[in-house]
Amino acid sequence: MPAPIPRQRAIPAAESGQAQAAQPGGTSRDENPRKEATVDNNAATTNLTLLLIEDDPGGSAVVPELQDAAGRPIRVRTARNLTEAARLLTDDVHCILLDLALPAPGRGADEDELAVLRHVLELAPRHAVLALTASGDAERGAEAVRVGAQDYLFRDELDTRLLSRAIRYAVERKRSDTAERRLAEGRVRAQENRRLERGLLPTPLLEGSSLRFAARYRPGRSRALLGGDFYDVVRTPDGTVHAMIGDVCGHGPDEAALGVELRIAWRALTLAGLCGDQLLGTLQQVLEHERSDEEIFATLCTVDISPDGRSAGLCLAGHPSPLIARPGRPARLLPYENNGPALGMLPGARWPRMQVDLGREWSLMLYTDGLIEGRIGVGRERLGQDGMVEMVRRQLAGGLRGEELLRAAVNEVRELNGGELTDDVAVLLLDREVDREG
């Protein structure tokens with residue numbers, strides 16, 4: 001909290017950023033080298049603007065023209081009440097000098113002695129504010145700073161040099177406070193992202209299974225928050241391994257939160273014994289009740305692998321089909337002719353469950369569309385499923401397996417795209433190797 005500023009003690013140069021001597025006649029004043037602390041950083045070429053809100057601005061000591069350090073005039077706008085102030089408060093105003101004696105609209109003078117300040121802070125949250133109070137009323141001035149003003153000045157102790165430096169100090173302090181707040185908000189967003197990621201990408205429940213699990217997630221870089229990609233893998237008491245991967249359309253916290261809800265609902269319903277059409281129908285009900293907009297939908301792929309690991313049930317809700325790779329055979333996509341609609345698209349929809357043969361030894365890769373929708377080079381052509389299958393075949397032939405395979409696949413898709421992908425990519429891999437089972 002700044003200390004009261006007496007007539008003889010101007011704000012130190014270390015605080016204000018630049019010392020300025022008074023011009024003859026007491027008509028100089030400084031200017032923040034930026035347009036506004038919270039508006040932009042191109043103000044070095046613009047004049048500083050002060051909005052004075054006082055009952056009788058014409059009789060104030062600040063009315064004489066002031067100049068900044070470069071000799072340019074600081075523009076002063078005057079308002080006799082808050083109604084006039086609201087009209088004059090445009091983006092090119094850098095600082096507000098407010099007389100605390102001014103009555104707030106609709107409030108008695110003895111209800112809240114800082115009511116007018118609170119009103120101005122609500123009216124101008126992005127602007128620096130200096131409070132003007134009576135000499136000796138330091139307690140009220142200090143309270144004004146606690147409420148949100150950048151500093152306070154005594155009305156009858158003002159001089160041109162002191163005011164100009166106080167203005168610059170207030171603007172710079174507001175800029176610093178804003179930068180600190182944005183940094184703190186960035187930290188909070190990062191923490192939220194980590195919490196959402198833990199919810200979207202959980203630890204699989206595979207205790208007792210011989211299957212190997214690997215997963216990779218890479219967020220798109222066109223935004224700060226996670227999207228709605230999610231996956232999960234659980235083993236039920238009968239030995240069946242259930243895997244799923246999904247994608248909520250859109251990007252942002254609402255979509256990510258909906259993805260977390262769908263993943264948790266899928267795990268709970270799966271552990272409760274639901275699968276196939278019954279499971280997807282229930283998930284659609286969850287989506288319809290939880291989505292913020294009727295246009296939001298989610299694609300989903302579910303696979304339930306039999307206890308002997310040789311077959312699986314496959315359900316697709318508007319989602320690309322998994323890729324299967326087996327020794328001695330080229331990698332290919334599982335059937336997708338009976339692909340049902342995405343969740344949330346058609347009320348009362350059905351999702352056929354296809355039975356597929358896996359064989360004795362295999363690798364099964366589930367993925368979101370971020371893996372196949374990246375562009376190839378500078379044209380408009382995208383990798384697509386066929387391109388992805390060829391890429392994985394080549395990487396398998398090179399001896400890549402497990403996490404190394406997923407890492408190579410995601411990295412190559414990014415390189416083909418010529419940079420970071422715009423969409424999130426989630427990929428999971430389940431492997432069954434006979435030699436690991438004895």
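These numbers come from the heavy atoms of this one structure, side chains and all, not from hydrogens, waters or symmetry mates.
At least one side-chain heavy atom of Leu283 sits under 4.5 Å from a side-chain heavy atom of Leu280. The side-chain heavy atoms of Leu343 and Phe297, taken from C-beta on, include no pair separated by under 4.5 Å. In this structure, Met354 and Tyr336 have side chains that are not in contact, with every pair of non-hydrogen atoms separated by 4.5 Å or more. Looking at heavy atoms from C-beta onward, Asn411 lies in side-chain contact with Arg218 at the 4.5 angstrom threshold. Taking 4.5 Å as the limit, some side-chain heavy atom of Arg173 sits within range of a side-chain heavy atom of Asp177. By the 4.5 Å heavy-atom criterion applied to side chains, Leu123 and Leu82 are not counted as neighbours. With contacts defined as side-chain heavy-atom distances shorter than 4.5 Å, the pair Leu300/Phe230 qualifies. Side-chain atoms of Leu279 and Trp266, non-hydrogen and from C-beta on, do get closer than 4.5 Å to each other.
With hydrogens and angles ignored, the 3.5 Å screen pairs no side-chain donor or acceptor of His242 with any backbone N or O of Thr270. With Arg432 contributing its side chain and Leu211 its backbone, the two residues share no donor-acceptor pair below 3.5 Å. Between the side chain of Arg401 and the backbone N or O of Leu396, at least one donor-acceptor pair lies under 3.5 Å. Remark: the backbone N or O of Leu88 is paired with a side-chain donor or acceptor of Arg77 at under 3.5 angstrom. Of the possible donor and acceptor atoms, none in the side chain of Arg75 sits under 3.5 Å from a partner among the backbone N and O of Thr49. In this structure a side-chain-to-backbone donor-acceptor pair under 3.5 Å is missing from Arg216 to Val427. Between the side chain of Tyr169 and the backbone N or O of Ser164, no donor-acceptor pair lies under 3.5 Å. Side-chain atoms of His289 come within 3.5 Å of backbone atoms of Gln285 as a donor-acceptor pair (strictly under, hydrogens ignored). Listed for the Gln395 side chain is no donor-acceptor partner under 3.5 Å among the backbone atoms of Leu406. Put simply, the side chain of Ser176 never gets that close to the backbone of Glu172: no donor and acceptor are under 3.5 Å apart.
The pair Arg414-Glu420 meets the salt-bridge criterion, with a side-chain N (NZ, NE, NH1 or NH2) lying under 4.0 Å from an Asp/Glu carboxylate O. Taking the charged nitrogens against the carboxylate oxygens, Arg165 and Asp151 have no contact shorter than 4.0 Å, which rules out a salt bridge. One finds no salt bridge joining Arg140 and Glu143 here, because no Lys/Arg side-chain nitrogen approaches an Asp/Glu carboxylate oxygen to under 4.0 Å.
Residue Met388 comes nearest to Leu371 through the heavy atom pair SD-CD2, 3.6 Å, listed as atom of the first residue, atom of the second, then distance. Nearest heavy-atom pair, Leu421 versus Gly374, reported as atom, atom and distance to 0.1 Å: CD2-CA, 3.9 Å. For the pair Ala215 and Tyr231, the tightest heavy-atom approach, listed with the atom from each and the gap, is CB-OH, 3.3 Å. The two residues Ile305 and Thr240 have their closest heavy-atom pair at O-CG2, 3.1 Å. Residues Tyr152 and Val145 come closest through the heavy atom pair CD2-CG2, 3.8 Å. The two residues Ala265 and Val286 have their closest heavy-atom pair at CB-CG2, 4.4 Å.
Note that the CD atom of Glu255 and the CG atom of Asp293 stand 9.0 Å from one another [nearest 0.5 Å]. Taken to the nearest 0.5 Å, the CG atom of Leu428 stands 5.5 Å off from the CZ atom of Phe213. Note that CE of Met244 is 13.0 Å distant from SG of Cys315, once rounded to the nearest 0.5 Å. Going from atom NZ of Lys174 over to atom SG of Cys95 covers 10.5 Å, rounded to the nearest 0.5 Å. Atom CD1 of Ile296 is separated from atom CE of Met345 by 12.5 Å, given to the nearest 0.5 angstrom. The CG atom of Asp232 sits 6.5 Å away from atom CG of Leu205, with the distance rounded to the nearest 0.5 Å.
In the displayed structure, Arg332 atom CZ is contacted under 6.0 Å by more than 12 heavy atoms of other residues, nucleotides or ligands. The number of heavy atoms from other shown groups lying within 6.0 Å of CD (Glu207) does not exceed 12. No more than 12 heavy-atom neighbours from other residues, nucleotides or ligands sit within 6.0 angstrom of CD on Glu180. Counting non-hydrogen atoms of neighbouring residues, nucleotides and ligands closer than 6.0 angstrom, the CG atom of Asp238 exceeds 12 such neighbours. Residue Glu288 places its CD atom among more than 12 non-hydrogen atoms of other residues, nucleotides or ligands, all under 6.0 Å distant.
Residue pairs meeting the side-chain hydrogen bond (donor to acceptor under 3.5 Å, both in side chains) criterion with at least one member in residues 294-306, sequence neighbours excluded: Thr299-His319, Asp304-Arg353, Ser306-Asp308, Ser306-Ser311.
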Stepwise side chain to side chain contact (heavy atoms under 4.5 Å, CB included) test for Thr83 and Arg87: CA-CA 7 Å; Thr83 301; Arg87 179 173 55 83; over 6 Å; no
From CA spacing to verdict: side chain to side chain contact (heavy atoms under 4.5 Å, CB included), Leu358, Arg310: CA-CA 5 Å; Leu358 300 178; Arg310 292 176 175 269; 5.7 Å; no
Full working for side chain to side chain contact (heavy atoms under 4.5 Å, CB included) between Val356 and Ile324: CA-CA 11 Å; Val356 296; Ile324 186 170; over 6 Å; no
Worked verdict on Thr368 versus Asp229 for side chain to side chain donor-acceptor pair (under 3.5 Å): CA-CA 7 Å; Thr368 57; Asp229 289 12; 2.9 Å; yes
Arg375/Arg380 under side chain to side chain contact (heavy atoms under 4.5 Å, CB included): CA gap, chis, key distance, verdict: CA-CA 6 Å; Arg375 299 187 184 278; Arg380 302 182 63 85; 3.8 Å; yes
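In terms of the salt bridge (charged side-chain N to carboxylate O under 4.0 Å, His left out) criterion, Arg407 has no residue partners (sequence neighbours excluded).
Residue Leu97 is tested with Leu51, Leu163, Val76 for a side chain to side chain contact (heavy atoms under 4.5 Å, CB included); the sole match is Leu163.
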